[in-house]
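Have a look at the structure below before the remarks.
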Amino acid sequence: MPHIRVLGKGARITAGTLCLLFLLHTLYWLGHDLVTAGPGMVWDLWTGGASPASGGSAGSSGAGGGGVPAAAYPATTPYDVGLAVLQGAAVAAAFAGRRTAGGLLAVATALTFSMRVQAVVSTGNHTSANRWFLGLGDGDDATLMAVFVSAGLVVPLALVAAVVLPAGIRAWPRPGTAPGAPPVRPAGPAGPVAAIVLGVLTLLSAAWICYMLVQTLGSGYGVPLDVLFTGRGLLLAMLGLAPGWAWLTFLPLCAAGALLAATRRVSARGFALGPALVLLPVAFLGMCGYLRTGTLFELGDVAPGGALLSRAQMVVELVGSVLLLVLMGRSGEPVQSGMAGAVGGSVYGAPGYGAPAYGAPVPAYGNPAYGASAHGAAGGPVPGGFPAPGGHPAPDGYPAPGAYPTPQGGFGPPPAG
């Protein structure tokens, strides 16, 4: 059986520290919006009650006003709420030594890098003549520059974390060291359900890309591809994420999580919890927006296919994220290493590795562990009339006198002497 691979302590602490810096950056800009715009306006912006393009109600037009000053323009979106939750969970898991830390840190690093690269590109190119943000006025405001500089500092730190994480992966257990608590893999229906949910999310991202390509290249009425994937002229927040950029970001993450969950790898729980923590706030706020505006069941006449796909994705993200958090948040199944890799083997480091613990009964049928008696408790009588020396279990790897393992596939007691 191949070695199980887990994230080492040094890499976990280093990546956790870097992720803490990512979290502070995200929390700062969330706090900035709450202070400058107020909680009520932020809620309106995130649920469709107001638009930064108009500076007021979502139904008014800001085409003639020259845009909103950058000091009052929102910096964050619902994606930043989910990102902050993910980064906080990754930091907590890293410093608490949880086995889910590796997957959570990997997803948090990937999403932080992708979202902050988008911010650097958009804020760095926005000017009054080349507007990337819908409704934003001057492009030389101090707030816009602060977003550009801070996101530019986060990007190289995310690259460092992306190098530290794979470099810190180690085989478990390491020879000559205490194994500690065994890693766990998804138990029961958690693996299959997570694989299905993440697989559907992967297909939805791919469907969006194909749909927009057909709309743009086929009919010629779609959004230009450079606008769709970079967000030029479409973004509603300085840290906003372009639709195409979001699909290209979540598609590989959800695909990797689906594959890990389907194969029940030890990193599957972190890779499944990560996207769920981010997408749940996004889907919840999106649902609130549809209910608030009364457009949940209105597909419109312009692009009904896209509207239907949008509603389906929101429902899958909302329901699927809840399922992932419930199933993957439960205790998993401890893995077994070495000769305990087969189902039913003992866990490495348990008493009498390879043999039952002192005084523990063993089944009367089946294949007893090598070195254990076929009947009764360890240290009791064995076939052939020889007791284990001193009434204790036989040393690991050696059968007690007369106690030889049952032939493979046999039943009943082993042959005498």
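These numbers come from a predicted model, not from an experiment.
Although no hydrogens or angles enter the test, the distance criterion places a donor-acceptor pair under 3.5 Å between the side chain of Thr202 and the main chain of Ala255. Between the side chain of Arg170 and the backbone N or O of Ala167, at least one donor-acceptor pair lies under 3.5 Å. For Thr263 (side chain) and Leu260 (main-chain N/O), a donor-acceptor pair under 3.5 Å exists by modelled atom type. Using a distance-only test at 3.5 Å, with no hydrogens or angles considered, a donor-acceptor pair links the side chain of Trp245 to the main chain of Ser114. Without hydrogens or angle criteria, Thr295 side chain to Glu298 main chain gives no donor-acceptor distance under 3.5 Å. Thr36 places a side-chain N or O within 3.5 Å of a backbone atom of His32 that can act as its donor or acceptor partner. Not a single donor-acceptor pair under 3.5 Å links the side chain of Arg185 to the backbone N or O of Arg265. The backbone N or O of Val121 sits less than 3.5 Å from a side-chain atom of Asn125, completing a donor-acceptor pair.
Contact annotation: the side chain of Phe284 never approaches that of Val322 to less than 4.5 Å [non-hydrogen atoms, C-beta and beyond]. Inter-residue side-chain proximity for Pro52 and Pro74 is flagged as met; some heavy-atom pair is nearer than 4.5 Å. Counting only heavy atoms from C-beta outward, the side chains of Leu308 and Gln313 never approach each other to under 4.5 Å. Looking at heavy atoms from C-beta onward, Trp132 lies in side-chain contact with Thr230 at the 4.5 angstrom threshold. Side chains of Trp29 and Ser150 form a contact here, defined as non-hydrogen atoms less than 4.5 Å apart. Counting heavy atoms from C-beta outward, Val6 and Ile169 have side chains that stay 4.5 Å or more apart. Looking at heavy atoms from C-beta onward, Trp43 lies in side-chain contact with Arg292 at the 4.5 angstrom threshold. Between Leu134 and Leu234, every side-chain heavy-atom pair lies at or beyond the 4.5 Å cut-off.
Atoms CG and CD1, on Leu204 and Ile209 in that order, are 11.5 Å from each other to the nearest 0.5 Å. Rounded to the nearest 0.5 angstrom, Leu201 CG and Leu253 CG are separated by 11.5 Å. Once rounded to the nearest 0.5 Å, the distance linking CG of Leu18 with OG1 of Thr109 reads 7.5 Å. Interatomic distance, CG of Asp226 versus OG1 of Thr216, reported as 10.0 Å (0.5 Å rounding). Interatomic distance, CG of Leu239 versus CG of Leu83, reported as 9.5 Å (0.5 Å rounding). Taken from CG in Leu279 to SG in Cys254, the straight-line distance is 6.0 Å, to the nearest 0.5 Å.
A pairwise comparison of heavy atoms in Ser205 and Phe250 identifies OG-CB, 4.5 Å as the closest pair. Shown here for Thr143 and Met238, the closest heavy-atom pair between the two residues is CG2-CE, 3.9 Å. When all heavy atoms of Leu248 and Phe229 are compared, the closest pair comes out as CD1-CD2, 3.6 Å. The minimum heavy-atom distance linking Ala89 with Leu104 is given by the pair O-CD1, 4.0 Å. Minimum heavy-atom separation, Gly191 to Pro186: N-CB, 3.7 Å. Of all heavy-atom pairs spanning Phe271 and Ala106, the tightest one is CZ-CB, 3.7 Å.
Crowding of Arg98 atom CZ: a count of heavy atoms from other residues, nucleotides or ligands under 6.0 Å not exceeding 12.
Using modelled atom types and a 3.5 Å distance limit, the side chains of Arg269 and Thr100 yield no donor-acceptor pair. A side-chain N or O of Asp33 and one of Thr76 form a donor-acceptor pair less than 3.5 Å apart. No donor-acceptor contact under 3.5 angstrom links the side chains of Thr17 and Arg12, judged on distance only.
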Inset, instruction - Report the C-alpha distance between Val160 and Val164 in whole Å, list the side-chain angles of each, state the deciding distance to 0.1 Å, and finish with yes or no for side-chain contact (heavy atoms from CB on, under 4.5 Å). - result: CA-CA 6 Å; Val160 173; Val164 168; 4.2 Å; yes
Inset, instruction - For Thr249 and Tyr79, run side-chain hydrogen bond (donor to acceptor under 3.5 Å, both in side chains): C-alpha distance rounded to whole Å, both residues' side-chain angles, the deciding distance at 0.1 Å, then the answer. - result: CA-CA 12 Å; Thr249 299; Tyr79 279 105; over 6 Å; no
Inset, instruction - Start with the C-alpha distance between Val278 and Val81, add both sets of side-chain angles, then the distance that settles side-chain contact (heavy atoms from CB on, under 4.5 Å), and finish with yes or no. - result: CA-CA 7 Å; Val278 177; Val81 177; over 6 Å; no
Legend entry - From CA spacing to verdict: side-chain contact (heavy atoms from CB on, under 4.5 Å), Thr77, Leu241: CA-CA 8 Å; Thr77 68; Leu241 201 59; 5.7 Å; no
Inset, instruction - For side-chain contact (heavy atoms from CB on, under 4.5 Å), just list the numbers for Leu136 and Leu144, CA-CA rounded to whole Å, side-chain angles, deciding distance to a tenth of an Å, and then say yes or no. - result: CA-CA 10 Å; Leu136 179 61; Leu144 189 70; 4.1 Å; yes
